[in-house]
Amino acid sequence: MDLRILGTILNAEARDGSARAFRWLHHGLLVLGLVAVVELTLQSTPIDRRLLVDMALLVTAFFAAEWLLRLLAAPRLATPPGRPAARRRYLLSFLGLVDLVSGWSIPLALLAGLPASEAATLGVLWMLKLTRYVAGFALIGRVLHNERGALLSVLAAFAIVLLLAGTAEYLLERGGQPQTFGSLPAALWWCIVTLTTTGYGDAIPATDLGRVIASLVMILGIAIFALWAGILASGFAAEIRRRDFLRTWALVARVPLFKQLGAQVIAEVARLLRPRRLPAGAPLMRKGEPGDCMYFIVDGEVEVALEPQPVRLGQGAFLGEMALITGEPRSASVLVRRSAQLLALDIADFRALAGQHPELTSAIEAEAARRRAKAPS
Ligand code: CMP
């Protein structure tokens, strides 16, 4: 098969029909395989065990073949395509290893002599294959990387509290409760269970001082986990803001009106604009309603319902500016004709833009005046 076609089919982000079909098959088999693996661990199951083993083997065969095909198509799937040593890179990459383990761990276990129903348990590793398709995992990885300094500091605080409180409880409680506090590891176990606010209740300090320390450990445990949650939440918010900004930036740079601006001004404008995607047939604005924002068309096409002849606006055009400039209601209804990627600018931001970059808004005002002049009086 042509490597280009294979590359398209296996591309996790391709919108092609064949790529979509492959993804459906892949996810369907993944679910089927996991059901078989779970059922095989039950003492009694309504499904024939041989059928379950066959299902698990079928899924394994599919994933083993997928690994081989991905290896073959690696030069096409690399970014940029044709990158040198793409196959070696794939083999050593995290996803390459996940594909390898998903496809070949069960056959290897069978070769090593494990019974098929036991070897099939390794099928739980198939879950890892979802990392390719869930964009959020890359986001989690970036957040952990960005915030590693702060997270490690909190981890160090956790370790300090754990060791100090664990040792104190060991010294205080070992005499009275040798079973549960008789060694440092046993006391540390109690401390982890308490710090994480799990509290199994299998070990309880009995001395007064031991209880005071236990209370401190519980309070510190809550504080430490609140810090972790706070660091992760702000890290996620910052990363999502950065990602959205980059996306909007790329869209803004494609609108002719903004193209001639320098990178710094584009960055300023990008902060004011909100991307919006609308399917064909969606109404964008209705004649007579108040106008609170205007739009720039990055791609797609919209139709302004003008009499006697509707007007079509495409890539690079803007619309909805007249209501913002005059303060009057929308002068016409607008419908999306071809699925459109738009950038919306709120009325307050339009005014802010007019203050900062009058050259931009005067170009918009000039076009609005031209359109008004064409309108039948
Ligand atoms: P607004 O009046 O806010 O809402 C309807 C929009 O249709 C209007 O702003 C313009 O952006 C657009 N529009 C009105 N007349 C024309 C025209 N003659 N050519 C292109 N666009 C128009």
Side-chain angles (χ1 to χ4, degrees), residues 15 237 240-377:
R15 285 160 176 256
I240 287 171
R241 243 194 333 269
R242 241 191 314 271
R243 190 194 61 187
D244 288 352
F245 172 75
L246 285 177
R247 267 190 204 157
T248 315
W249 201 92
L251 295 176
V252 172
R254 280 165 60 190
V255 175
L257 187 69
F258 303 127
K259 239 184 205 159
Q260 75 274 15
L261 305 173
Q264 202 187 337
V265 184
I266 293 188
E268 276 173 40
V269 174
R271 275 193 197 93
L272 304 178
L273 295 165
R274 276 176 301 110
R276 201 172 158 195
R277 184 164 265 293
L278 285 177
L284 185 58
M285 50 186 78
R286 285 197 177 81
K287 185 174 178 172
E289 65 183 14
D292 55 359
C293 70
M294 66 172 291
Y295 298 95
F296 299 88
I297 304 175
V298 179
D299 57 48
E301 200 174 43
V302 303
E303 186 177 274
V304 186
L306 292 175
E307 293 293 342
Q309 187 69 28
V311 172
R312 290 215 174 190
L313 298 174
Q315 190 183 14
F318 53 82
L319 69 153
E321 78 296 347
M322 282 163 66
L324 301 198
I325 294 167
T326 60
E328 286 171 13
R330 296 288 189 206
S331 59
S333 295
V334 180
L335 198 72
V336 175
R337 277 289 166 214
R338 217 157 23 85
S339 162
Q341 175 66 64
L342 307 168
L343 288 166
L345 179 68
D346 280 338
I347 185 159
D349 294 328
F350 178 76
R351 305 236 191 283
L353 194 66
Q356 290 161 8
H357 298 287
E359 73 284 6
L360 272 182
T361 43
S362 53
I364 295 173
E365 279 167 12
E367 177 62 15
R370 197 187 62 76
R371 288 174 180 176
R372 256 198 314 277
K374 273 169 102 189
S377 43

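Every number for a ligand or one of its atoms is a count from 1 in the order of the listing. In what follows, every heavy atom counts, from backbone to side chain, and hydrogens, waters and symmetry copies are set aside. Numbering starts at 1 and runs along the sequence shown.
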Evaluate the criterion side-chain contact (heavy atoms from CB on, under 4.5 Å) for residue pair Val269 and Leu343; output intermediate values, then yes/no.
CA-CA 11 Å; Val269 174; Leu343 288 166; over 6 Å; no

Evaluate the criterion side-chain contact (heavy atoms from CB on, under 4.5 Å) for residue pair Leu324 and Leu345; output intermediate values, then yes/no.
CA-CA 10 Å; Leu324 301 198; Leu345 179 68; 5.8 Å; no

Please report the C-alpha distance between Val265 and Gln356 in whole Å, then the side-chain angles of each, then the deciding distance to 0.1 Å, and finally whether the side-chain contact (heavy atoms from CB on, under 4.5 Å) criterion is met.
CA-CA 10 Å; Val265 184; Gln356 290 161 8; over 6 Å; no

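For atom 6 (C) of ligand 1, the closest heavy atom belonging to the protein is Gly320 N, 3.9 Å. Given atom 20 (C) of ligand 1, the protein heavy atom at minimum distance is Arg371 NE, 3.4 Å. For atom 4 (O) of ligand 1, the nearest non-hydrogen atom of the protein is Arg330 CD, 3.3 Å. In this structure, atom 5 (C) of ligand 1 lies nearest to the protein heavy atom Ala332 O, 3.5 Å.
Here the shortest heavy-atom distance to atom 17 (C) of ligand 1, taken over Val311, Val304, Leu306, belongs to Leu306. For the residues Glu321, Met322, Glu289, the heavy atom positioned nearest atom 11 (O) of ligand 1 is part of Glu321.
For Arg370, the side chain to side chain contact (heavy atoms under 4.5 Å, CB included) test picks out Glu367, Lys374, with sequence neighbours left out. Residues passing the side chain to side chain donor-acceptor pair (under 3.5 Å) test with Asp299, sequence neighbours excluded: Arg254.
When each atom of ligand 1 is checked for a heavy atom of Ala323 under 4.0 Å away, the hits are 1 (P), 2 (O), 3 (O). Near Leu319, meaning under 4.0 Å from one of its heavy atoms, ligand 1 places the atoms 11 (O).
For the ligand labelled ligand 1, residue Gly291 lies outside the 4.0 Å heavy-atom shell.
Between the side chain of Arg330 and the main chain of Gly320, a donor-acceptor pair closer than 3.5 Å is present.
In the displayed structure, Arg243 atom CZ is contacted under 6.0 Å by more than 12 heavy atoms of other residues, nucleotides or ligands.
Remark: of the listed residues Asp346, Ile347, Leu353, Asp346 is the sole one forming a side chain to side chain contact (heavy atoms under 4.5 Å, CB included) with Asp349.
Of all the heavy atoms of Met285, the ones lying under 4.0 Å from any atom of ligand 1 belong exclusively to the side chain.
Inclusion of Lys374 in the set of residues having an N or O under 3.5 Å from an N or O of ligand 1 is not warranted.
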